[in-house]
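A short write-up of the structure that comes next.
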Amino acid sequence: VQLQASGGGLVQAGGSLRLSCVASGFTVDYGAVGWFRQAPGKEREGVSCMNSRIGDTYYADSVKGRFTISRDNAKNTVYLQMDSLKPEDTAVYYCAAANSPFLCPILQRTPTEYDYRGQGTLVTVSS
């Protein structure tokens, strides 16, 4: 399984970015797909997760209303649209996947429980 994340970069506060994650060896409409992030000196934080079986989505309180997770089954790609970015959103963002679609509540609390993880893409939000 490979998860190739892209789309990170430098953006001013209030701006937007869209992260993409192309999956191979894993079908994004099966299982759970999501994003977590890790800022310097901080623990991993579950950002968003999608139960691909029924479409339920989960978000960290810190990003709710600003970030949106989605997928394109034809492209086997997961997206994270990030709007109204804040300096505290600065982190390396990782896309991840799990074989069970019903693990999202656990994966949001404990991102280390994902079965697969991409290489990460850096998002820097300047004030």
Side-chain angles (χ1 to χ4, degrees):
V1 174
Q2 289 190 334
L3 302 171
Q4 185 70 37
S6 62
L10 174 63
V11 63
Q12 286 188 332
S16 298
L17 283 174
R18 188 177 79 156
L19 306 183
S20 301
C21 176
V22 180
S24 59
F26 184 92
T27 305
V28 300
D29 63 353
Y30 172 86
V33 291
W35 297 85
F36 66 90
R37 65 188 181 186
Q38 188 163 23
K42 294 189 177 181
E43 294 189 354
R44 293 176 182 178
E45 177 189 18
V47 174
S48 183
C49 185
M50 176 185 289
N51 176 328
S52 296
R53 183 81 58 83
I54 59 177
D56 283 0
T57 56
Y58 299 76
Y59 296 94
D61 288 342
S62 58
V63 308
K64 205 169 291 183
R66 300 187 297 120
F67 290 12
T68 305
I69 189 171
S70 63
R71 70 175 192 264
D72 184 329
N73 294 340
K75 295 181 179 180
N76 210 34
T77 299
V78 180
Y79 302 99
L80 184 68
Q81 177 66 41
M82 306 186 294
D83 298 318
S84 303
L85 282 161
K86 304 176 181 179
E88 50 263 44
D89 295 319
T90 295
V92 178
Y93 284 72
Y94 298 88
C95 67
N99 292 316
S100 172
F102 301 104
L103 288 180
C104 278
I106 295 174
L107 298 171
Q108 282 290 92
R109 293 194 305 271
T110 314
T112 52
E113 292 297 314
Y114 276 103
D115 295 313
Y116 314 105
R117 184 193 79 181
Q119 85 289 358
T121 185
L122 176 62
V123 172
T124 304
V125 184
S126 63
S127 57

Heavy-atom side-chain contact between N76 and T27 under 4.5 Å: yes

Heavy-atom side-chain proximity of L80 to S48 below 4.5 angstrom: yes

Spacing of R71 atom CZ and C21 atom SG [to the nearest 0.5 Å]: 13.5 Å

Backbone of N99 reached by a side-chain donor or acceptor of D115 within 3.5 Å: yes

Expected output: side-chain R53 to main-chain P101 donor-acceptor under 3.5 Å: no

ILVMFWY network linking L103 to M50, side-chain heavy atoms under 4.5 angstrom: no

Closest contact, heavy atoms only, N51 versus I54: OD1-N, 3.2 Å

Where at least one partner belongs to residues 55-65, residue pairs that pass side chain to side chain donor-acceptor pair (under 3.5 Å), sequence neighbours excluded: R37-S62, E45-S62, D61-K64

Contact check, side chains of R66 and Q81, non-hydrogen atoms, under 4.5 Å: no

Between CG on residue D83 and OG1 on residue T68, distance to nearest 0.5 Å: 6.5 Å

Under 3.5 Å donor-acceptor, T90 side chain and P87 backbone: yes

Closest non-hydrogen atom pair, L107 against A32: CD1-CB, 4.0 Å

Distance in Å, D89 CG paired with T124 OG1, rounded so as to fall on 0.5 Å steps: 11.0 Å

Test side chain to side chain contact (heavy atoms under 4.5 Å, CB included) applied to L19 and Y93, F67, Y79, the passing residue: Y93

For the student: nearest non-hydrogen atoms of T112 and R44, plus distance: CG2-NH1, 3.5 Å

Nearest heavy atoms of F36 and G46, plus distance in Å: CB-CA, 4.0 Å

Extract all donor-acceptor atom pairs below 3.5 Å that involve side chains of residues 1-8 and protein atoms in other chains or at least two apart in sequence.
none

Interatomic spacing from OG1 in T110 to CD in E43 - rounded to 0.5 Å: 10.0 Å

All side chain to side chain contact (heavy atoms under 4.5 Å, CB included) counterparts of V92, not counting sequence neighbours: Y94, L122

Polar side chain donor-acceptor pair, D72 to T77, under 3.5 angstrom: no

Interatomic spacing from OG in S126 to CG in L85 - rounded to 0.5 Å: 10.0 Å

Point-to-point distance, once rounded to the nearest 0.5 Å, from SG of C95 to OH of Y114: 9.5 Å

4.5 Å side-chain heavy-atom contact, M82 and V123: yes

